[in-house]
Amino acid sequence: MANILSEVSSPNMKDTYRWRELLALYCDSMIWKYRGKDRTPDEVVEQLKIFEVKAAKIGKKFKTKKSQSLLKEFIQLNYDIVSIKRFYELNQTAVYKILKKHDKRTHLLASEGFPKFARDETFFKDNIVRSLVYQISSRLLTVIPNPEEYYCPICREISYKPIRLDCGHLYCVRCLMKAKRLNIRDCPICRKPDVVYNANKNNLDVKLMHKMKAKFPREVKEKISESRNEKAKEESEHLLQMYGYGNPNQCAIM
Ligand SMILES: [Zn+2]
Ligand SMILES: [Zn+2]
């Protein structure tokens, strides 16, 4: 499933951004857990139904049939996991009842130790359920590339073009140039001396730059136009200052 998902959400496919939106919705829905506690199977089903309705709206916009059928599979997978969860909980109750009955007849009080036993024994823990949910949330969700992983720590936007300092930290070229102008010499994160000062065009991470363009075309485009606007603004401010207009925000005539 993770493979199909990475295929339908790959950059040359049209549904990448819809899948990202969908999986963000999935995470926000807190289907399996709420405030750090596992939900009961009934609660999970309730949350899944709400998610299903919202997901269908995004699903309508899918461009490929594959994405549509994958969404169905994805939701079904969640319902299947609830069934397993329910089965485990029933099992646990059943064993407890059997032990109680046994106690009545034998006076051995085996059931007293049961709750602790149930907590400790891996068989009764809904380990399978947990690991399945974990697999969905970690594997499946990380298949969809997340631009936040490539954010510049200064401007909190995608680090395009990406400058990798000698300490290994990543910044966008715009923030790096600003830092240089402010005579900052050390890495703002790890404080390694002179890595900002020494950075030059060789610090451009070309491989990552191509990867970003392919994976996050929208964010990269936005960032390029933003940088361009900012540069134009800086240049006009610089020109105004050169011609003696001082603060460009002030009216030149007054
Ligand atoms: Zn930046
Ligand atoms: Zn650093």
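Residue numbers start at 1 and run along the sequence shown. First listed ligand is number 1; within each ligand, the first listed atom is number 1. Just so it is clear, the model here is predicted, and its values are computed rather than measured.
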Need one value: angle at the Zn ion (ligand 1), C152 atom SG versus C175 atom SG, rounded to 10 degrees.
110°
With the Zn ion (ligand 1) at the apex, how many degrees lie between SG of C172 and SG of C155, rounded to 10 degrees?
110°
Is it possible for you to say whether L23 and F216 belong to one hydrophobic cluster, with membership spreading through side-chain heavy-atom contacts below 4.5 Å?
no
Using a strict 4.0 Å threshold on nitrogen-to-oxygen distance, state whether D186 and R191 make a salt bridge.
no
Cationic N near anionic O, under 4.0 Å, D15 to K66
no
Looking at Y151, does the NZ or CZ of R156 lie under 6.0 angstrom from its six-membered ring centre and within 45 degrees of the ring axis?
no
Would you kindly confirm whether L208 and I224 end up in one hydrophobic cluster when ILVMFWY residues are joined by side chain heavy atoms under 4.5 Å apart?
yes
So with a 6.0 Å cut-off around CZ of F87, is the heavy-atom count from everything else above 12?
no
Ignoring waters, how many protein N/O/S atoms are under 2.8 Å from the Zn ion (ligand 2)?
4
For K33, is there an ion pair with E43 - N to carboxylate O distance below 4.0 angstrom?
no
